[in-house]
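Okay, structure first, notes after.
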Amino acid sequence: MRYLYGIGKGMVSADLLMQMEYLFRTLLALFFGFWIGFERRKNTKSVATRTLSVVAFGAALFMVISKYGFLDVPDYDAARIAAQVIGGIGFLGAGVIFVKNNLVNGLTSAAIIWVTAGMGLALGAGMYLIGIGAAFIILFLQYVFQNVAYFTQESYNGCVRMTIVQKPGAVQEIEAFLSSQKIEVGGAKVHKKKKAEIALEFDVIYPVGFNKAHLLSALAEREDVLTVSE
């Protein structure tokens with residue numbers, strides 16, 4: 001009995017050490033997921049710290065369970081559970097992508113979720129060099145795209161709201177003015193108000209390097225525009 005107990009004790013100790021190693025992998029994924037999310041939070045993105053921390057941690061956790069949780073089962077497919085992470089991440093990614101008046105938003109956020117999950121899977125599998133390297137590459141790319149002028153100057157979506165004087169052809173005049181500023185109108189909502197006023201809401205695409213403050217100022221100076229805002 002003592003001999004068996006000694007063997008069992010040694011096995012328990014080895015198993016405990018391995019589980020501590022697995023826990024370390026998931027916490028490492030959580031750490032890098034947090035920093036990837038923190039970088040996005042600084043740029044006021046909707047998918048940020050909490051979401052990406054949980055995504056990275058969950059991906060690593062499921063990878064550990066998939067690869068090591070069923071070693072006692074003969075001929076077990078170690079990739080079965082990990083493969084389902086891809087479907088789950090696709091569901092999350094679809095939740096942050098939305099289309100409004102033919103304008104697509106959230107693609108970058110969905111891609112960040114996807115690649116962060118991949119980083120978590122790599123760390124959960126014990127591929128430290130690949131996982132940590134991927135995390136630093138993600139952080140580097142985010143920094144470059146947010147801070148290097150060449151990459152920050154790109155077309156982007158926006159919304160312009162205004163109240164104008166109601167008159168024949170008023171809406172068409174405003175659309176023509178926006179087009180003259182190289183602004184593409186993706187969609188418009190028109191609401192008639194009391195006192196001969198019209199409320200307009202335009203979904204627009206601003207050209208590269210466009211100054212929105214200049215646009216708002218130019219609209220405010222028009223006699224037919226009563227109020228204007230983003």
Side-chain angles (χ1 to χ4, degrees), residues 22-64 82-160 182-184 186 203-215 230:
Y22 303 151
L23 179 61
F24 170 75
R25 297 180 187 182
T26 61
L27 294 177
L28 190 63
L30 174 64
F31 172 79
F32 283 108
F34 171 85
W35 281 109
I36 293 171
F38 181 76
E39 179 63 29
R40 287 184 60 79
R41 182 183 178 185
K42 290 196 303 181
N43 297 291
T44 63
K45 303 299 182 180
S46 57
V47 176
T49 309
R50 287 181 294 181
T51 301
L52 294 179
S53 296
V54 174
V55 165
F57 177 77
L61 177 63
F62 285 119
M63 187 67 199
V64 167
Q84 304 308 311
V85 173
I86 306 302
I89 293 305
F91 175 78
L92 290 178
V96 300
I97 299 174
F98 63 94
V99 180
K100 182 179 180 182
N101 296 324
N102 297 321
L103 301 179
V104 181
N105 296 276
L107 283 176
T108 302
S109 295
I112 291 292
I113 292 176
W114 176 62
V115 74
T116 300
M119 180 269 296
L121 288 173
L123 291 175
M127 303 172 69
Y128 292 112
L129 181 61
I130 297 297
I132 295 175
F136 279 109
I137 290 172
I138 297 169
L139 289 168
F140 173 75
L141 289 176
Q142 288 190 122
Y143 176 82
V144 168
F145 292 144
Q146 293 293 338
N147 295 279
V148 177
Y150 177 80
F151 295 104
T152 56
Q153 293 185 356
E154 58 182 11
S155 300
Y156 57 98
N157 301 334
C159 181
V160 179
K182 310 298 183 182
I183 298 172
E184 180 180 344
D203 292 305
V204 300
I205 301 177
Y206 294 110
V208 174
F210 187 79
N211 188 340
K212 290 190 292 184
H214 173 75
L215 171 66
E230 290 188 79

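All values below come from the heavy atoms of this structure, side chains included, with hydrogens, waters and symmetry mates left out. Please read these numbers as outputs of a predicted model, since none were measured by experiment.
The six-membered or imidazole ring of Trp35 lies near that of Phe38, with a centre-to-centre distance under 6.0 Å.
Listed here is the closest heavy atom pair of Gly120 and Ala29: CA-CB, 4.1 Å. A pairwise comparison of heavy atoms in Ala117 and Ala59 identifies O-CB, 3.4 Å as the closest pair. A pairwise comparison of heavy atoms in Gln142 and Ile36 identifies NE2-O, 3.4 Å as the closest pair. Here the shortest heavy-atom pairing between Gly126 and Arg25 reads N-NH1, 3.4 Å. A pairwise comparison of heavy atoms in Gly33 and Ala56 identifies CA-CB, 3.8 Å as the closest pair. Taking each heavy atom of Phe34 and Ser53 in turn, the nearest pair found is CA-OG, 3.1 Å.
Between Arg40 and Ile138, every side-chain heavy-atom pair lies at or beyond the 4.5 Å cut-off. For the pair Met63/Val85, no side-chain contact is recorded, criterion being any heavy-atom separation below 4.5 Å from C-beta on.
Other residues, nucleotides and ligands place more than 12 heavy atoms under 6.0 Å from the OH atom of Tyr22.
Atom CZ of Phe136 and atom OH of Tyr143 lie 15.5 Å apart (nearest 0.5 Å). To the nearest 0.5 Å, the span separating CD1 on Ile137 from CD1 on Ile132 amounts to 12.0 Å.
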- side chain to side chain contact (heavy atoms under 4.5 Å, CB included) between Leu123 and Tyr128, intermediate numbers included: CA-CA 5 Å; Leu123 291 175; Tyr128 292 112; 4.2 Å; yes
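Checking side-chain atoms of Thr116 against main-chain N and O of Ile113 turns up no donor-acceptor pair under 3.5 Å.
Screening Leu139, Thr49, Leu52 for a side-chain contact (heavy atoms from CB on, under 4.5 Å) with Glu39, the sole residue that qualifies is Leu139.
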